[in-house]
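Everything on this sheet refers to the single structure shown next.
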Amino acid sequence: QVKLLESGGGSVQAGGSLRLSCEASRDTSNFSPMAWFRQAPGKEREVVASIFTETNNTYYADSVKGRFTISQGPAKNTVHLQMDSLEPDDTAVYYCAADCVDPPRLFESIWFAANYYSCWGQGTQVTVSS
């Protein structure tokens with residue numbers, strides 16, 4: 001059974017950096033696409049970034065473009081989110097997600113849709129103070 005585990009969350013001051021990591025148990029051969037979502041209290045869960053290994057394509061929400069970078073490890077079961085120039089509005093629980101279907105579905109036009117991803121982690125808290 002696929003299991004995703006996030007790490008790297010914490011509390012930082014505005015302008016600081018954090019690096020989130022997510023590792024998937026290897027009970028399936030596909031982990032692409034992998035993505036990061038976040039959810040703040042009282043708000044809908046929203047996509048942050050996604051990566052499609054097969055096409056080397058990455059996608060970012062406008063709110064984080066230029067500040068966050070998503071990447072995968074060589075085994076493709078690990079995804080990272082480097083977050084720089086953090087802002088108070090980045091405060092949220094961050095969730096790792098993946099499409100665990102094998103062979104992979106490569107519907108990049110819906111990279112932003114939460115229901116595209118079939119596997120989810122438990123979340124890690126990121127708090128940014130002003």
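These numbers come from the heavy atoms of this one structure, side chains and all, not from hydrogens, waters or symmetry mates.
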Excluding sequence neighbours, so at least two apart, what forms salt bridge (charged side-chain N to carboxylate O under 4.0 Å, His left out) with Arg45? none

What's the spacing between Leu18 CG and Met83 CE if we round to 0.5 Å? 4.5 Å

Listed partners of Thr55 passing side-chain contact (heavy atoms from CB on, under 4.5 Å), at least two apart: Phe52, Asn57, Glu108

Are Tyr60 and Ile70 side-chain neighbours, meaning at least one heavy-atom pair lies under 4.5 Å? yes

Please name all residues satisfying side chain to side chain donor-acceptor pair (under 3.5 Å) with Glu6, sequence neighbours left out, ordered by chain then number. Gln122

If Ile, Leu, Val, Met, Phe, Trp and Tyr residues are connected whenever their side-chain heavy atoms lie under 4.5 Å apart, and connections chain through other members, are Leu81 and Val12 in the same group? yes

Ignoring hydrogens and angles, tell me if any N or O in the side chain of Tyr59 forms a donor-acceptor pair with the backbone of Ala35 under 3.5 Å. no

With sequence neighbours excluded, residues passing side chain to side chain donor-acceptor pair (under 3.5 Å) with Asp84: Ser17, Gln82

Residues at least two apart in sequence or cross-chain that pass side chain to side chain donor-acceptor pair (under 3.5 Å) with Ser71, listed by chain then number, are none

What residues, two or more places apart in sequence or in another chain, satisfy side chain to side chain donor-acceptor pair (under 3.5 Å) together with Asp99? Arg105, Ser118

Is it the case that one hydrophobic cluster holds both Phe68 and Ile51, taking links as side-chain heavy atoms less than 4.5 Å apart, direct or via other members? yes

Test salt bridge (charged side-chain N to carboxylate O under 4.0 Å, His left out) applied to Glu54 - qualifying residues, sequence neighbours left out: none

What residues, two or more places apart in sequence or in another chain, satisfy side-chain contact (heavy atoms from CB on, under 4.5 Å) together with Ser11? Thr127

Among residues at least two apart in sequence or on other chains, which ones pass side-chain contact (heavy atoms from CB on, under 4.5 Å) with Ser85? Arg67

Any Phe31 side-chain heavy atom under 4.5 Å of Thr78 side chain: no

With ring pair (Phe, Tyr, Trp, His ring centres under 6.0 Å) as the rule and sequence neighbours excluded, what pairs involving residues 71-107 come up? none

By ring-ring contact (aromatic ring centres under 6.0 Å, His included), which residues pair with Tyr117, not counting sequence neighbours? Phe37

Any link between Val47 and Trp120 through a network of hydrophobic side chains (Ile, Leu, Val, Met, Phe, Trp, Tyr) touching at under 4.5 Å? yes

Is it possible for you to say whether Trp111 and Val48 belong to one hydrophobic cluster, with membership spreading through side-chain heavy-atom contacts below 4.5 Å? no

Test: disulfide (SG to SG under 2.5 Å). Region: residues 64-98. Which pairs qualify, not counting sequence neighbours? Cys22-Cys96

Any donor and acceptor pair, going by atom type alone, linking the side chain of Thr91 with main-chain N or O of Val128 inside 3.5 Å? yes

How about Val64 and Arg38: do any of their side-chain heavy atoms sit closer than 4.5 Å? yes

Is there a path of hydrophobic side-chain contacts, each under 4.5 Å between heavy atoms of I, L, V, M, F, W or Y residues, that connects Leu106 with Phe112? yes

